[in-house]
There are 2 protein chains.
Amino acid sequence: MSDFATFSAGYRVAQMARLFEQALAEALRPHGLTPGQFPTLLALWHRDGQTQAELVREIGIEQPTLALTLSRMERDGLITREPNPADSRSRIIHLTRHARSLKEDAIAAAASVNARALAEIEDEEAELFMDLSARIVSTLRERTD
Amino acid sequence: MSDFATFSAGYRVAQMARLFEQALAEALRPHGLTPGQFPTLLALWHRDGQTQAELVREIGIEQPTLALTLSRMERDGLITREPNPADSRSRIIHLTRHARSLKEDAIAAAASVNARALAEIEDEEAELFMDLSARIVSTLRERTD
DNA sequence: AGTGTTTAAATAGCATGCAATGCGATTGCG
DNA sequence: CGCAATCGCATTGCATGCTATTTAAACACT
């Protein structure tokens, strides 16, 4: 483990991400949702009726990843994909009534995971953490974008 | 995106983790290695000849996840799995000569990813980030462990 | 010795993520 | 207008991660 010292940031972050995902999975399970669906749901709760390409830009994952997630969400009765009269290449994604009804509970569940994760650190520290994370994200993005 | 505010920590961390993984994948690719193999390699570079169960404890992933990673590493000529004379349920994992030869370069590649990720933040900030991350990790672990 | 429990691995099934391709629809430009 | 380039999406193939289950071996305790 001592060897980890030089590059433990990546390891630590990966570990944190897995724990967050597991906690979110547990919190969302009672509502029949999974962590991977959550960003898409947030985007559609915010503005229903977007195309896949719009969602990809908003969520920041690759298009094939979203395509598969949307298929699972369609299978699970969370969304429908309607033809787009303005451009027949794309389709308009709509939430089902059921998905709309889950908004409050799901957001509360996710918020509580976050609150729990940050429970042991002070508010200013949490802010600092978010700030540093944002800076690391943009640094890592530079070369790839 | 405004809705993200309340629970953006999990989202931010997930995003960071994906960027780290992608950067590490790119850095390791020339050496024929993948990010998921790296923790196992570190553990075996540190001490060769461990069992799967020992590695699981050390690395902190689930046993089936490691089993599959080890299969891929075996397929790729990085490890061998020898019978354990002391306990025929388990097998002793050994690095191949080739995997041993990759140590310096792979560690340098991973370290450079880390250095790049942290390039834009001060040393004390990086330390703080690591500390806060560690505290979030142990908080999230509490309920599940 | 014999049986029940624990332990080590393997396997099945699933969710997310990626890169690379293919394909039809649209757009832009000569 | 017509063709080339671009765009939107689907699909394929792969890597990682998880949970749940199975199998065999080792242990423990009567």
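In what follows, chains are A, B, ... by sequence order, proteins preceding strands, each numbered from 1. Just so we're clear, the structure is a prediction, and the values are computed from it rather than from any experiment.
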Notebook entry, point to check: Who passes salt bridge (charged side-chain N to carboxylate O under 4.0 Å, His left out) against Glu74(A), sequence neighbours left out?
Noted result: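 By the salt bridge (charged side-chain N to carboxylate O under 4.0 Å, His left out) rule, Glu74(A) matches Arg81(A).
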Notebook entry, point to check: Got a sec, which residues hit salt bridge (charged side-chain N to carboxylate O under 4.0 Å, His left out) with Asp76(A), two or more places apart in sequence or on another chain?
Noted result: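 Salt bridge (charged side-chain N to carboxylate O under 4.0 Å, His left out) list for Asp76(A), sorted by chain: empty.
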Checklist line | Per-nucleotide protein contact string for nucleotides 3-15 of chain C (B base, S sugar-phosphate only, - none; heavy atom under 4.0 Å) | finding: ----BSBBB---S
Item checked: Along DNA chain C (nearest heavy atom to each residue), the more 5'-positioned of Gln37(A) and Ala86(A) ->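 Taking each residue's closest nucleotide, the earlier one in sequence belongs to Gln37(A).
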Check: Ile61(A) has an atom CD1; how far is it from atom C1' of dC18(C), in whole Å?
Finding: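 Value for this atom pair: 11 Å.
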Checklist line | Rounded distance in Å - CG (Leu19(B)) to P (dG17(C)) | finding: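 In whole Å, dG17(C) P and Leu19(B) CG are 12 Å from each other.
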Checklist line | Within residues 63-103 of chain A or reaching into it, pairs that qualify as ring pair (Phe, Tyr, Trp, His ring centres under 6.0 Å) - sequence neighbours excluded | finding: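 Residue pairs with at least one partner in residues 63-103 of chain A: there are none.
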Notebook entry, point to check: Which residues satisfy the side-chain contact (heavy atoms from CB on, under 4.5 Å) test with Leu68(A), sequence neighbours excluded?
Noted result: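 Testing Leu68(A) for side-chain contact (heavy atoms from CB on, under 4.5 Å), a comparison that skips the adjacent residues, returns Arg72(A).
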Next item on the list: Shoot me the first and last contacting nucleotide of DNA chain D against chain B, ordered 5' to 3', at under 4.0 angstrom to non-hydrogen atoms.
Entry: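 On DNA chain D, the outermost contacted nucleotides are dA15(D) to dA26(D).
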Next item on the list: Not counting sequence neighbours, list each pair that qualifies as a salt bridge (Lys or Arg N to Asp or Glu O under 4.0 Å) and has a residue in residues 128-137 of chain B.
Entry: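 Matches after skipping sequence neighbours: Glu125(A)-Arg135(B), Asp131(B)-Arg135(B).
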Next item on the list: Write out all pairs satisfying salt bridge (Lys or Arg N to Asp or Glu O under 4.0 Å) with one or both partners inside residues 84-101 of chain A, taking only residues at least two apart or from two chains.
Entry: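 Passing the test, one end in residues 84-101 of chain A: Asp87(A)-Arg89(A).
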Check: Listed by chain and number, what are the side chain to side chain donor-acceptor pair (under 3.5 Å) partners of Arg47(A), not counting sequence neighbours?
Finding: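 Counting only residues at least two positions away or on another chain, Arg47(A) forms a side chain to side chain donor-acceptor pair (under 3.5 Å) with Gln50(A).
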Notebook entry, point to check: Side chains of Glu82(B) and Thr80(B): do they bring a donor and an acceptor to under 3.5 Å?
Noted result: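 Result is yes, a qualifying pair exists.
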